[in-house]
Amino acid sequence: MKAIVLFSGGLDSILAACMLKEQGVEVIGLNLITPFHDCSADAAARAQEIGIELVTRTFGEEYMKMLAHPRWGYGSNVNPCLDCRTMMCQEAAKLMEEIGADFVATGEVAGQRPNSQKVHQLALVARDSGLKGKLLRPLSAKILPRTQMELEGELDRENMRSFSGRSRVKLAAYARHSFGVKKIPQPSSGCVLCENSFAPRVRDMLKYKEQPTVWDARVLPWGRRLRLDQNAYVVVARRSQDCDALDRLFAMPERSRCVLLYPDNYNGASALLVTDLAPEFGQETPEISEELQKYVQTAGSLMLRFSNPDKYNVPEEGPVARLYVGASVQKIEIHPDPSVEQIEIIKEKEKADKAQESSAQSQVSTDPQEQGDANE
């Protein structure tokens, strides 16, 4: 028999793969990358360690459509876990058909995630993914309904387990004693959609854009996000890597309409102004409307607000910014505006969690090749 195992490289997916291998099943791991989570490197390393083939696939705009309108809604933050899990199982079902595999397995444990892995939710995912009796959770198989493979005697239910709940202690012990796993993977930070410090940015995106794109998702981790009104927001860099990220985002042809501001005659923060009033990518002679000019000046004032005045080194004529708009570059004077102090940074807490922000930046990349929910 041949099985597709959703594989993140975490403890649960490793155990699921090892349990099936022990029963003589040929295992192919499937790692799925989403715009908000990429664990493909860890998955590849772990797949090699346990001796299974790994296939990696990436979700793009179809994931963003699901995120904007999830059938089963969100978890505690902006995490559409049931819809996400269903998409992953549907992708596994496609691969199963492509290579002639017999069933799909995951490392899910009943009750491990109280908002997405209750028994009835596991059944819901099996139904909505179209897999029905061909979706196996070997770690909890003994407390779940029998699958088609068990009913037909192709898999021995007695060689599977009845794990439940959130504790990893018994899982880790099982991995060491039954499969000789010496290095137990630590729980990953997981999908950033679950993180308290990241969710407000996602909510802002979803509130003001009916159908956000992957590019919109790539903007989320960087710098300070400030909403000007329903038609515009600004991202102001915090550090040099933010500046580099904003440069790359602006250079992407698939970007939303935006302009980039960069300090010209002083040291300070750069800013990305995102608004539908900006010209299209590559436009050589862009027109700048009066309303767009106002947005640009506000963005420029925000650059000054978050730049260290002791390091301005501004000539007497005042600060000047380079404005990248369409395919042109212009220089504009920008002016301090005390009113921009009232524009709030989009965040949930008074002070953002730097560790979570760093995690988000590593998972939601501006590089299309560096873009999963946990595949367990």
**OP:** Scan side-chain atoms only and decide if Asp216 and Ser256 contain a donor-acceptor pair under the 3.5 Å cut-off.
**Re:** yes
Subject >> Donor-acceptor side-chain pairing of Asn77 and Asn196 below 3.5 angstrom >> reply: yes
Honestly curious: do [X] and [Y] fall in one hydrophobic cluster under the side-chain, below-4.5 Å linking rule?
| X | Y | value |
| --- | --- | --- |
| Leu82 | Leu144 | no |
| Leu122 | Met87 | no |
| Leu151 | Met1 | no |
| Met19 | Val181 | yes |
| Leu135 | Leu32 | yes |

**OP:** Report the relative orientation of the aromatic rings in Phe36 and Tyr63; use parallel for angles under 30°, tilted for 30 to 60°, perpendicular for over 60°.
**Re:** tilted
Original post:
Between Tyr324 and Phe250, what is the ring plane arrangement, given parallel below 30°, perpendicular above 60°, and tilted in between?
Top reply: perpendicular
Side-chain ([X]) to main-chain ([Y]) donor-acceptor, under 3.5 angstrom:
| X | Y | answer |
| --- | --- | --- |
| Asp38 | Ser40 | yes |
| Trp215 | Met252 | no |
| Gln48 | Ala44 | no |
| Arg157 | Glu150 | no |
| Asp204 | Pro200 | no |
| Thr147 | Leu136 | no |
| Arg255 | Leu249 | no |
| Glu61 | Val214 | yes |
| Gln121 | Ser116 | yes |
| Gln23 | Leu20 | no |

So how far is it from [X] [atom1] to [Y] [atom2], rounded to the nearest 0.5 Å?
| X | Y | atom1 | atom2 | value |
| --- | --- | --- | --- | --- |
| Ile52 | Ile14 | CD1 | CD1 | 9.0 Å |
| Arg176 | Lys183 | CZ | NZ | 13.0 Å |
| Phe179 | Cys18 | CZ | SG | 5.5 Å |
| Ile343 | Arg224 | CD1 | CZ | 13.5 Å |
| Leu124 | Arg85 | CG | CZ | 13.0 Å |
| Met66 | Thr34 | CE | OG1 | 8.0 Å |

Pairing of [X] and [Y] as salt bridge, 4.0 angstrom limit:
| X | Y | result |
| --- | --- | --- |
| Lys134 | Asp102 | no |
| Glu53 | Lys2 | no |
| Lys65 | Glu62 | no |
| Asp128 | Arg71 | yes |
| Glu49 | Arg46 | yes |
| Glu108 | Arg113 | no |
| Lys142 | Glu158 | yes |

**OP:** Please step through side chain to side chain contact (heavy atoms under 4.5 Å, CB included) for the pair Tyr74 and Leu206, ending with a clear verdict.
**Re:** CA-CA 12 Å; Tyr74 304 107; Leu206 295 175; 3.6 Å; yes
Measuring only between side-chain heavy atoms, which start at C-beta, is [X] closer than 4.5 Å to [Y]?
| X | Y | result |
| --- | --- | --- |
| Pro279 | Leu292 | yes |
| Leu226 | Val340 | no |
| Gln297 | His335 | yes |
| Ser301 | Pro336 | no |
| Glu284 | Ser328 | no |
| Leu171 | Gln112 | yes |
| Leu67 | Met205 | yes |
| Val234 | Val274 | no |

What are the two closest non-hydrogen atoms of [X] and [Y], and how far apart are they?
| X | Y | answer |
| --- | --- | --- |
| Leu11 | Ala172 | CD2-N, 4.0 Å |
| Gly29 | Phe7 | CA-CB, 4.0 Å |
| Ala43 | Asn31 | CB-ND2, 3.4 Å |
| Ser13 | Val5 | O-CG1, 4.3 Å |
| Ile143 | Ser162 | CG2-CB, 3.8 Å |
| Ala93 | Val104 | N-CG2, 4.2 Å |

Return yes when atom [atom1] of [X] has more than 12 non-hydrogen atoms of other residues, nucleotides or ligands closer than 6.0 Å, and no otherwise.
| X | atom1 | result |
| --- | --- | --- |
| Glu152 | CD | yes |
| Glu98 | CD | yes |
| Glu344 | CD | no |
| Gln283 | CD | yes |
| Glu280 | CD | no |

**OP:** Tell me, with the steps shown, if Ile4 and Phe103 meet side chain to side chain contact (heavy atoms under 4.5 Å, CB included).
**Re:** CA-CA 6 Å; Ile4 308 299; Phe103 65 95; over 6 Å; no
**OP:** Could you list the residues that satisfy salt bridge (Lys or Arg N to Asp or Glu O under 4.0 Å) with Asp264, not counting sequence neighbours?
**Re:** Arg322, Lys331
Subject >> Trace of the side chain to side chain contact (heavy atoms under 4.5 Å, CB included) decision for Glu91 with Phe59 >> reply: CA-CA 9 Å; Glu91 193 66 25; Phe59 286 132; 3.9 Å; yes
Original post:
Between Arg137 and Val109, is a side chain to side chain contact (heavy atoms under 4.5 Å, CB included) present by the stated rule, with each step listed?
Top reply: CA-CA 7 Å; Arg137 282 88 170 200; Val109 173; over 6 Å; no
**OP:** Answer with yes or no after comparing the ring centroid distance for Tyr208 and Tyr233 against a 6.0 Å cut-off, counting only values under it.
**Re:** no
Subject >> Within 45° cone of Tyr174 ring axis and under 6.0 Å: Arg161 NZ or CZ >> reply: yes
